[in-house]
Protein chains: 2
Amino acid sequence: MAGQVQRQTGVALWRQIADRIRQAISAGAYDETGMVPPETVLALQFGVNRHTVRSAIAALAQEGIVRAVQGRGTLIERKERLNFPITKRTRFTAGIGGQAREMRGLLLGHSEERADEEVARWLKLRPGAPVIRMETVRKADDRPVSCATTWFPADRFAGMPAAYEKTESITRAFAELGLSDYVRATTEVTAAHADAADLAALELTPGAIVLITKAMNTDLEGVPVQYAISRFSADRVQFTIEN
Amino acid sequence: MAGQVQRQTGVALWRQIADRIRQAISAGAYDETGMVPPETVLALQFGVNRHTVRSAIAALAQEGIVRAVQGRGTLIERKERLNFPITKRTRFTAGIGGQAREMRGLLLGHSEERADEEVARWLKLRPGAPVIRMETVRKADDRPVSCATTWFPADRFAGMPAAYEKTESITRAFAELGLSDYVRATTEVTAAHADAADLAALELTPGAIVLITKAMNTDLEGVPVQYAISRFSADRVQFTIEN
DNA sequence: TATAGTTGTCTATATCAATAGACATTTAAA
DNA sequence: TTTAAATGTCTATTGATATAGACAACTATA
């Protein structure tokens, strides 16, 4: 994890260092001791003052990733990265499956609106067609993993928000509405800094990274049934694509 | 592109704004005029002082993305986000294909070493087996798109570095070494802040995000021939997964 | 019960980031 | 040739970031 931090780039040193330590923890670099190296050692490694390292560690403690104990050191509290397979049969709940005890989808809000150009294109509707929009957060063992904006054709899935709120799962909600099976047609993946809404929904701190997927599901006849823009905390998930 | 910028996060406002404008340009938000909105308008949009916007634009001008002209406005010079499909037949050169005039792979360095646990697992070798490691950068029209660390079984592909340096492509290098076809077996995707080496290789600024893929290719019998960890500039690419 | 090693707190100083306002300079269009 | 609209430059001030040093407080262990 050597490599120097860079100055005068608009990114504070303490944030660069926090990001590097977070990544090192994820990669298992400190698994032997379960602790982050002493502040003086890190300061030397990164070529900065000890106080700068302290700012970085304070940020990580704020995220709940480490806990500093006076006299002992800085203990690693949490270290999670869920694997999320993307396949023809991608389902959030089943996908995370055995990796967490409890999976829940929470409905933050919903509305009926007219499809804009992007949504219409993905759902193969005409622009202005009525669609149901839902804002959701998905949690694994009560830790938010992703939040999503999802659109459904309104004529076919008017009862979606209620069904989702009841079942806490898209798959089960589809089943309630008479769609027993569906397949993932396309997924686009990008990454960006989380915006304010995502930070709040995913309980992240500014500067955090989100993996963004834009995905379209179809029924077995190939008719689009759902278009979703999901934001995943990059620290907590990885995607796997099996071909 | 509304949404406010965030203060006291360790990421300077001018950098947040630069990132947002870069992304808006990529998304085609200013395609009608070919210009970025006036500084005073942006300052109002983001809720910051005009000087802060000027810092952001100066950074983008430094990257060669925009060019400010006194009296006229700020012109968009370049606007790239390459789409990179991930399929069974994923090939970097062909994948980016029609989206750039010229595709090149550059060999930064290589060595023969013993497989560590991770590499051995992916290549289905025993730990300690000899492998060839290559560090490469891939460029589209001379702009770096990704950098990669790649491992090959040493017994089978000893001539890989030389072949890659000559052909500037993994596919063509494999062909030279007698492997005419191969398929993508698995791809893992994550995102993280770029580390110092990636920043240099990809000509990015600190705080930039990289999409990271870990991918394994096999020959047509299913024998692993290549394991690669690639880092893509998140500002310059997106992935598409077709199922 | 010392002692080494660690985190916590305090003061002080220098540099970067951001705001504020005024005015110059250039361009394009009226 | 004006004029409006845009970028360029300058000065000044405030708050965040980073460094520096000293010492307190706590933990584990010899």
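Naming: A, B, ... by sequence-line order, numbering from 1 per chain. Values reported hereafter were calculated over all heavy atoms of this structure, with side chains retained and with hydrogens, waters and symmetry mates removed.
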Practice item. Verify the ring-centre separation between B:Phe239 and B:Phe232: is it less than 6.0 angstrom? Key: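 Yes, the ring of B:Phe232 comes within the 6.0 Å limit of the ring of B:Phe239, centre to centre.
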**Study point:** Among D:dT19, C:dT19, D:dA18, the one nearest B:Leu13 by side-chain distance
**Key:**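 Comparing D:dT19, C:dT19, D:dA18 against the side chain of B:Leu13, the answer is C:dT19.
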Check your understanding: Can you tell me how far C1' of C:dG8 sits from CZ of A:Arg67, to the nearest Å?
Key ->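 Rounded to whole Å, this separation is 16 Å.
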Check your understanding: Counting side-chain heavy atoms from C-beta on, which of D:dT17, D:dT7, C:dG8 comes nearest to A:Ala12?
Key ->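 For the A:Ala12 side chain, the nearest candidate turns out to be D:dT17.
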Review point. For A:Ser55, which contact category applies under a 4.0 Å heavy-atom criterion: base, sugar-phosphate, or nothing?
Key: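 The residue A:Ser55 makes no contact with any strand.
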Point to revise | C:dT7 OP1/OP2 closer than 4.0 Å to side-chain N/O of A:Thr74 | key: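 Affirmative; the distance criterion is met.
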Point to revise | Separation of atom CZ in B:Phe46 from atom C1' in C:dA18, rounded to whole Å | key: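 Rounded to the whole Å, the gap is 16 Å.
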Review point. Of all the nucleotides listed (D:dG8, C:dG21, D:dG21), which has the minimum atom distance to the side chain of B:Gln70?
Key: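 The nucleotide sitting nearest to the side chain is D:dG8.
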Point to revise | Integer-rounded Å distance: D:dA5 P and B:Leu75 CG | key: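 About 19 Å, once rounded to whole Å.
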Practice item. Could you please name the option among C:dA18, D:dA6, C:dG21 that lies closest to any side-chain atom of B:His51? Key: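 Nearest listed nucleotide: C:dG21.
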Practice item. Indicate yes or no: does A:Asp19 engage A:Arg22 in a salt bridge with an N to O separation below 4.0 Å. Key: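 Between A:Arg22 and A:Asp19 there is a salt bridge, with a charged N closer than 4.0 Å to a carboxylate O.
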Review point. Less than 4.0 Å between a side-chain N and a carboxylate O, is that true for B:Arg133 and B:Glu112?
Key: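 No.
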Point to revise | Spacing between A:Glu39 atom CD and D:dA25 atom C1', to the nearest angstrom | key: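 For the pair A:Glu39 CD and D:dA25 C1', the rounded distance is 14 Å.
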Exercise for review: May I have the distance from B:Arg50 (atom CZ) to D:dT11 (atom C1'), rounded to whole angstrom?
Suggested key: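 B:Arg50 atom CZ is separated from D:dT11 atom C1' by 15 Å.
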Review point. Does a side-chain N-to-carboxylate-O contact under 4.0 Å join A:Lys214 and A:Glu118?
Key: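 Between A:Glu118 and A:Lys214 there is a salt bridge, with a charged N closer than 4.0 Å to a carboxylate O.
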Practice item. Decide if atom CD of A:Gln62 counts as having more than 12 heavy atoms of other residues, nucleotides or ligands within a radius under 6.0 Å. Key: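 Atom CD in A:Gln62 is not crowded, with 12 or fewer foreign heavy atoms closer than 6.0 Å.
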Check your understanding: Below 4.0 angstrom from OP1 or OP2 of D:dA5, is there any side-chain N or O of B:Arg72?
Key ->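 For D:dA5, neither OP1 nor OP2 has a side-chain N or O of B:Arg72 closer than 4.0 Å.
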Review point. Phosphate oxygens OP1/OP2 of D:dG8: is one of them under 4.0 Å from a side-chain N or O of B:Arg54?
Key: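 Yes, within the criterion.
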Point to revise | Whole angstrom value for the distance that separates C1' of D:dA16 from CH2 of B:Trp14 | key: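 The distance from CH2 of B:Trp14 to C1' of D:dA16 comes to 15 Å, rounded to the nearest Å.
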**Study point:** Upstream residue (5' side of DNA chain D) when B:Gly10 and B:Pro37 are each assigned their closest nucleotide
**Key:**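 Result of the comparison: B:Pro37.
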Exercise for review: Using a cut-off of strictly less than 4.0 Å, decide whether B:Thr52 has a side-chain nitrogen or oxygen near OP1 or OP2 of C:dA17.
Suggested key: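 Answer is no, no contact under 4.0 Å.
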Check your understanding: How close or far is atom P of D:dT13 from atom CG of B:Asn49, stated in whole angstroms?
Key ->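 One finds 16 Å between P of D:dT13 and CG of B:Asn49, rounded.
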Check your understanding: Separation of B:Arg15 atom CZ from D:dT17 atom P, in whole Å?
Key ->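 Rounded to the whole Å, the gap is 15 Å.
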